[in-house]
Asks: 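I have a structure I would like to understand better, so I am pasting it below and will then ask my questions one at a time.
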Amino acid sequence: MDQEQLNIRHTPVMLHEVLEHLIPAEGNIRVIDGTLGFGGHCEAILKHNSAAIVLGLDRDSEAIESSQHRFGMMEDRVIIHKAKFSEMSDVAYAIGWEKVDAILLDIGVSSVQIDEGYRGFSFRKNGPLDMRMDASQDTTAAKILNRKSIEELTAIFRNYGEIDGAMKLARAIVSRRTTRSWASTEEFSQLCEDVVPSPRRNAPPVSTLCFQALRIAVNDELIQLEKAVEKGISILNKGGRIGVISYHSLEDRIVKNIFRRESTDCLCSKKLPICRCGHKASIKLVTKKPLEPSQTEIINNRRAAAAKFRIAEKIT
Ligand SMILES: C[S@@+](CC[C@H](N)C(=O)[O-])C[C@H]1O[C@@H](n2cnc3c(N)ncnc32)[C@H](O)[C@@H]1O
């Protein structure tokens, strides 16, 4: 696939809002794009502020290679590292950045990752049960389905997919593997459709939620997000901003809770007459509610429909 095809296949979400709220148009700013992907947001940031330098991270080697190709001629403005976004402060220190002015996390998977059947992210394409964003990682979706206990599988589908009948599904997974190991997305999707009741008529296929839950477990996505937002806040310059685009209520809740906690002075119980914790707010919310994509954007890019964009500014 050439670069132009990749660019067409992943349209950056809420681009206008990202530039307006996160990236000052002028000044020598340091930006971390923690989810570089195929570089859509990054390219727009570089154009929006001609003095900005971007540290781009991704845990996916294919995304890294593609972005290296895309920004090959801009070495002085784009520094690219294969890393998890939870490691952003270590990578930033390693290149001599103690603080940064803006951080963008556009989490989840890219359209390019979803569209490639061999990556195993989609139930619409048959392929191996892989789902790793970082192909050098040991844990795959197949390993989880073939090795985890009924209790562990139930927790994955209940907590990450909010699936009714999570235990029934977990039992069916374990029962089936006594005769044949789990290997393909098609087989797993078929089991989900057979076992999990559809929440309502015309609801999306239940495989959507089951695959999402499994993907979150394979890539440890919620822990990654929590660490990244906390570290991100800690390395922002005063006045710098962090913005997170999420596509799932569990992810949005994590961002909302950290932003709420870090924008509050005292975390003691309201019943205590005086503060004992000494906690001081380090950020303020830029918008009280998360921003959502416009109807026009949703019509042009269905993937944007679930997006929620929260932004906070460092105040200390
Ligand atoms: C929605 S895409 C980002 C697309 C990008 N903003 C663009 O415009 O092309 C999400 C990207 O984040 C990466 N990613 C997800 N979780 C990550 C993590 N914990 N650390 C680093 N990269 C991650 C994925 O591999 C994927 O390439």
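For this chain, numbers begin at 1 and follow the sequence in order. Quick note: numbers below take in every heavy atom, side chains included, and nothing from hydrogens, waters or symmetry partners. When a ligand or atom number is given, it counts from 1 through the structure's own listing order.
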Asks: Identify whether the distance between the nearest side-chain nitrogen and carboxylate oxygen of Asp58 and Lys82 falls below 4.0 Å.
Replies: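 Looking at Lys82 together with Asp58, the answer is no, because their closest N to O distance does not fall below 4.0 Å.
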
Asks: Do the rings of Phe188 and Phe157 sit parallel, tilted or perpendicular, given the 30° and 60° boundaries?
Replies: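 Ring orientation of Phe188 relative to Phe157: tilted.
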
Asks: Will you find, in the side chains of Glu297 and Ser294, an N or O donor that is under 3.5 Å from an N or O acceptor?
Replies: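 There is no such pair (donor and acceptor under 3.5 Å, judged by atom type) between the side chains of Glu297 and Ser294.
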
Asks: Return the protein residues near ligand 1 (heavy atom under 4.0 Å from any of its atoms), ordered by chain and residue number.
Replies: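 Ligand 1 pocket, heavy atoms under 4.0 Å: His10, Pro12, Gly34, Thr35, Leu36, Gly37, Phe38, Gly39, Gly40, His41, Asp58, Arg59, Asp60, Ala83, Lys84, Phe85, Asp106, Ile107, Gly108, Val109, Ser110, Gln113, Met133, Gln224, Arg303.
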
Asks: Going by atom types only, do Ser184 and Glu187 share a side-chain donor-acceptor pair under 3.5 Å?
Replies: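 Their side chains do contain a donor-acceptor pair, which is all the 3.5 Å distance test asks for.
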
Asks: Is it the case that Arg303 places NZ or CZ above or below the six-membered ring of Tyr247, under 6.0 angstrom from the centre and within 45 degrees of the axis?
Replies: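 Yes, cation above the ring, under 6.0 Å and within 45°.
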
Asks: Could you measure the distance from the CZ atom of Phe38 to the OG atom of Ser110? Nearest 0.5 Å is fine.
Replies: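 Interatomic distance, Phe38 CZ to Ser110 OG, rounded to 0.5 Å: 4.5 Å.
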
